[in-house]
Amino acid sequence: MMDQSEAETPSIKYKQFTFEDNNENTQQSLSVSIPEVLDPQYGMYVWPCAVVLAQYLWTQRQELRDKTVLELGAGASLPGVVASRCGAKVILSDNAEKPLCLENCRRSCAANGLHDITVLPLTWGEVSPELTQLPQLDIILGSDIFYEPRDFEDVLLTVAFLLRKNPKAQFWTTYQERSADWSIEVLLNRWKMSCVDVELETFDADKSELAGSSLPGNHSIEMMIITLETGDVGL
């Protein structure tokens, strides 16, 4: 009979992702290993949006060097791990009420030999001490965190707080279109933020396979960069 400790041991599967530069003059590549926990908690899996965002980070690797980057709702942490491997100073975060997700963030760091990444509990919509005490940020990341419409306002409240504290920062996010009614435009206006769509073909992400993974498939994935409205910078 299986004892309790064995029953609680998660089943972990490691996935390899390899990002390559198609420029014949450079031939650069980056491989990372990401642990997935075979558990009903959705945050434990690498979703298609994460691969697309990680591809964008790979193409922006020169810009990322020495930047301070925070990933929200990191879960499996593929984008944050790629950012760190590209030379960024990375902070991973996930829901304070999901310790298993936070543990998986740490597991992702360990799998890639990243020992200087901070993992923090940050719950969307809550102005916690961990949120207020964050260092100055350059880039905020979020892949598929616009998943449940009921969470949209909490996500953007957190992003708005961070952008007002870091007026020159940008929020880089990917999302999967799951409904024709999906829209955050009203919320962006409320929090005085604006967004620019980034076409996937501009960073070689308009493919069914990326980084050796077929996860992107034929899903309708979009990317956007959100910032404070120009007139709101410095407030």
Point-to-point distance, once rounded to the nearest 0.5 Å, from CG of Leu57 to CD1 of Ile139: 7.5 Å

Quick one: pull up CG in Leu187 and CZ in Phe152 and give me the separation to the nearest 0.5 Å. 8.5 Å

Value for CG (Asn104) from CG (Leu102), rounded to nearest 0.5 Å, stands at 10.0 Å

I'd like to know whether Leu188 forms a side-chain contact (heavy atoms from CB on, under 4.5 Å) with Ile226, so could you lay out the CA-CA distance, the side-chain angles of the two residues, the decisive distance to 0.1 Å, and finally the verdict. CA-CA 9 Å; Leu188 288 175; Ile226 294 175; 4.0 Å; yes

Of all heavy-atom pairs linking Cys101 and Asp94, the shortest is CB-OD2, 3.7 Å

Heavy-atom pair of closest approach, residues Pro35 and Ile12: CB-CG2, 3.8 Å

Would a 4.5 Å heavy-atom cut-off, applied to side chains only, mark Thr59 and Phe19 as touching? no

Compare all side-chain heavy atoms of Arg61 with those of Gln28 and state whether any distance is below 4.5 angstrom. yes

Identify the two heavy atoms, one from Leu92 and one from Cys109, that lie closest to each other, and give their separation to 0.1 Å. CD1-SG, 3.6 Å

For residues Leu228 and Trp191, determine if any side-chain heavy atom of one lies less than 4.5 Å from a side-chain heavy atom of the other. no

Less than 4.5 Å apart, any side-chain heavy atom of Met193 and any of Val159? yes

Pairwise distance CG(Leu78) to CD(Glu36) - rounded to 0.5 angstrom: 10.0 Å

So do Asn95 and Trp124 actually touch side chain to side chain, heavy atoms under 4.5 Å? no

Measuring from atom CD of Glu199 to atom CG of Asp206, what distance do you get when rounded to the nearest 0.5 angstrom? 9.5 Å

Side-chain donor/acceptor of Thr173 to backbone N/O of Gly142, under 3.5 Å: yes

Is the Phe203 ring parallel, tilted or perpendicular to the Tyr56 ring (thresholds 30°, 60°)? perpendicular

Assess whether side-chain contact (heavy atoms from CB on, under 4.5 Å) is satisfied between Ile140 and Gln170, documenting all intermediate values. CA-CA 6 Å; Ile140 304 158; Gln170 297 182 340; over 6 Å; no

Do you know the tightest heavy-atom contact between Ala169 and Leu163? O-CD2, 3.5 Å

Are any side-chain N or O atoms of Thr18 and backbone N or O atoms of Gly212, one a donor and one an acceptor, separated by less than 3.5 Å? no

Assess the side chains of Gln60 and Trp58: does a donor N or O sit below 3.5 Å from an acceptor N or O? no

Hey, is the main chain of Val32 close enough, under 3.5 Å, to the side chain of Asn112 for a donor-acceptor pair? no

Once you round to the nearest 0.5 Å, how far does CG of Asp116 lie from CG of Leu114? 7.0 Å

Let me know which of Ser77, Ser213, Ser108 forms a side-chain contact (heavy atoms from CB on, under 4.5 Å) with Ile34. Ser108

Would you say the side chain of Ile145 lies within less than 4.5 Å of the side chain of Asp151, judging by non-hydrogen atoms? no

Test Lys168 against Asn166 for side-chain contact (heavy atoms from CB on, under 4.5 Å), laying out the working first. CA-CA 6 Å; Lys168 295 180 181 179; Asn166 305 273; over 6 Å; no

Tell me whether Lys207 contacts the main-chain N or O of Asp204 through its side chain, where contact means a donor paired with an acceptor under 3.5 Å. yes

Please say which of Leu131, Leu141, Leu162 ends up in a side-chain contact (heavy atoms from CB on, under 4.5 Å) with Leu70. Leu162

Do the non-hydrogen side-chain atoms of Ile225 and Cys195 ever get within less than 4.5 Å of each other? no

Heavy atoms only: give me the nearest Glu97-Thr123 pair and the separation to one decimal. N-OG1, 4.4 Å

Using side-chain heavy atoms (C-beta onward) and a distance below 4.5 Å, is Glu222 in contact with Asp197? no

Considering all heavy atoms, the nearest Pro79-Ser143 contact: CG-OG, 4.2 Å

Only one of Thr174, Leu210, Ile221 clears side-chain contact (heavy atoms from CB on, under 4.5 Å) with Pro48; which? Ile221

Relative to each other, are the rings of Trp47 and Tyr45 parallel, tilted or perpendicular (30° and 60° limits)? perpendicular

Around Gln136, counting heavy atoms of other residues, nucleotides and ligands shown, do more than 12 lie under 6.0 Å from its CD? no

Output, in order, the C-alpha distance, side-chain angles, deciding distance and verdict of side-chain contact (heavy atoms from CB on, under 4.5 Å) for Lys89 and Val69. CA-CA 6 Å; Lys89 303 168 189 172; Val69 175; over 6 Å; no

